[in-house]
Amino acid sequence: MTDIPTLKYDEKGLIPVIVQDYRTNEVLMMAYSNEEAVRLMYETGYTHFWSRSRQKMWKKGEESGHVQKIKSIQADCDDDTLLVRVDQAGGIACHTGNPSCFHKLVYGDTDDTAAIIPELIRTIKDRKENPSDESYTCKLFKNETKMCKKIVEEAAEVVLAIKDREDDPDQEELAGEVADLLYHTLVALVKEDLDLGKVYSALSERH
């Protein structure tokens, strides 16, 4: 077993734990663990926390089945906060039934942030699991040739947008073409059930 690093717990013997989806880096939840909970995470490979309200240890998903299999654990520069990347069973981390506990927007908006990626992936997966004749995504699922051609077409459009950048000073066209390419690529990845973790592993090897 990997040695547990020396961590700095607060006066109550707790350390904050931020949990992220390992595929998308979406922040799923934040909770607290004590030394025993941290030890259990290392020993079992699943997240464990200390409930401050119930004053008891709990394994995430022990009742709902939405367990979190740990992919990695990182400590911050002060060793007083943990970042845990997990494979979230069932795709639901929040007790409200939402994918993430952070689903309440209280300032600004998320339109120009990476928050769209996990949401888009969930939508594409839903189209696959609940097909509709009206859905463009479902039509791509049914026609592999068209799906593949669209990726090639959108990649070409990205190249053309780069070549024509003088006509696109605000990069609106380039951004749109990259968005189309990302969407069509994600459709193909979902159709093929490709785990994004394998893509990241390949990138790491190349890096």
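Bear in mind the structure is a predicted one, so any value in this text is a computation, not a measurement.
- Note on V152 and L160: separate hydrophobic clusters, where clusters join Ile, Leu, Val, Met, Phe, Trp and Tyr whose side-chain heavy atoms are under 4.5 Å apart, directly or indirectly.
- For the atom pair CD (E177) and CD (Q171), the distance works out to 13.0 Å, reported to the nearest 0.5 Å.
- The distance from the CG atom of L140 to the NE2 atom of H184 is 5.0 Å, given to the nearest 0.5 Å.
- The cationic group of K69 lies under 6.0 Å from the six-membered ring centre of Y46 and within 45° of the ring axis, placing it in a cation-pi geometry.
- Checking side-chain atoms of H103 against main-chain N and O of C101 turns up a donor-acceptor pair under 3.5 Å.
- K60 and H66 get closest at one heavy-atom pair: CG-O, 3.8 Å.
- Using a cutoff of 4.0 Å between basic side-chain nitrogens and carboxylate oxygens, D193 and K128 are scored as salt-bridged.
- If you chain together hydrophobic residues whose side chains sit under 4.5 Å apart, M147 and I121 fall into the same group.
- Taking 4.5 Å as the limit, every side-chain heavy atom of I18 sits out of range of all side-chain heavy atoms of V84.
- For the pair Y22/L196, no side-chain contact is recorded, criterion being any heavy-atom separation below 4.5 Å from C-beta on.
- Within the 4.5 Å cutoff, side-chain heavy atoms of L28 are placed close to those of Q88.
- The shortest distance between side-chain heavy atoms of Y9 and V38 falls below 4.5 Å.
- Note on M30 and I73: separate hydrophobic clusters, where clusters join Ile, Leu, Val, Met, Phe, Trp and Tyr whose side-chain heavy atoms are under 4.5 Å apart, directly or indirectly.
- Side-chain N or O atoms of S33 include one that pairs as donor or acceptor with a backbone N or O of H48 at under 3.5 Å.
- Using a 4.5 Å cut-off on side-chain heavy atoms (C-beta onward), I124 and Y183 make contact.
- Look at R122 and E26 and you find a salt bridge, because one of the NZ, NE, NH1 or NH2 atoms lies within 4.0 Å of a carboxylate O, short of that distance.
- One N or O on the side chain of T113 and one on the backbone of T110 form a donor-acceptor pair closer than 3.5 Å.
- Note on K139 versus E134: no salt bridge recorded, every NZ/NE/NH1/NH2 to OD/OE distance being 4.0 Å or above.
- S100 contributes a side-chain N or O that, together with a main-chain N or O of V27, makes up a donor-acceptor pair within less than 3.5 Å.
- Note on D133 versus K142: salt bridge recorded, some NZ/NE/NH1/NH2 to OD/OE distance being below 4.0 Å.
- Expressed to the nearest 0.5 Å, how far CG of D76 lies from CG of L82 amounts to 8.0 Å.
- Contact record, D10 with K12: OD1-N, 2.8 Å, taken as the closest heavy-atom pair.
- A donor-acceptor pair under 3.5 Å is absent between the side-chain atoms of R206 and the main chain of L203, judged by distance alone.
- Around atom CD of Q55, more than 12 heavy atoms belonging to other residues, nucleotides or ligands sit under 6.0 Å away.
- Under the 3.5 Å distance criterion, the side-chain polar atoms of D164 are left unmatched by any main-chain donor or acceptor of D167.
- Cluster membership check: I4 shares its hydrophobic cluster with I15, using side-chain heavy-atom separations under 4.5 Å among Ile, Leu, Val, Met, Phe, Trp and Tyr.
- For the atom pair OG1 (T96) and NZ (K104), the distance works out to 8.0 Å, reported to the nearest 0.5 Å.
- Inter-residue side-chain proximity for E154 and L182 is flagged as unmet; no heavy-atom pair is nearer than 4.5 Å.
- Separating the CG atom in D195 from the CG atom in D87 is a distance of 7.0 Å, to the nearest 0.5 Å.
- Contact annotation: the side chain of N25 approaches that of R85 to within less than 4.5 Å [non-hydrogen atoms, C-beta and beyond].
- A cation-pi geometry, defined here as NZ or CZ lying under 6.0 Å from the six-membered ring centre and within 45° of its normal, does not hold between K191 and F141.
- By the criterion of side-chain heavy atoms lying less than 4.5 angstrom apart, applied directly or through intervening Ile, Leu, Val, Met, Phe, Trp or Tyr residues, I92 is not grouped with V67; the two fall into different hydrophobic clusters.
- Between the side chain of Y200 and the backbone N or O of R23, at least one donor-acceptor pair lies under 3.5 Å.
- Between the side chain of K59 and the main chain of M41, no donor-acceptor pair closer than 3.5 Å is present.
- Ion pairing between E43 and R39 holds under the 4.0 Å rule for side-chain N and carboxylate O.
- Minimum interatomic distance between Y136 and K146 (heavy atoms only, all atoms of both residues): CE1-NZ, 4.1 Å.
- Nearest approach of A155 to L181, heavy atoms of both residues: N-CD1, 3.8 Å.
- Within the 6.0 Å centre-distance limit, the rings of W58 and F49 are counted as a close aromatic pair.
- How far NZ of K125 is from CG of L186: 10.5 Å, rounded to the nearest 0.5 Å.
- Contact check for L83 versus Q20: side-chain heavy atoms found under the 4.5 Å cut-off.
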Verify side-chain contact (heavy atoms from CB on, under 4.5 Å) between I70 and T47, making sure each step is shown before the conclusion.
CA-CA 7 Å; I70 298 172; T47 55; 3.9 Å; yes
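- For E144, the CD atom sits in a loose shell: 12 or fewer heavy atoms of surrounding residues, nucleotides or ligands are nearer than 6.0 Å.
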Let me see the working for V187 and R127 under side-chain contact (heavy atoms from CB on, under 4.5 Å), right down to the final yes or no.
CA-CA 10 Å; V187 170; R127 297 294 186 272; over 6 Å; no
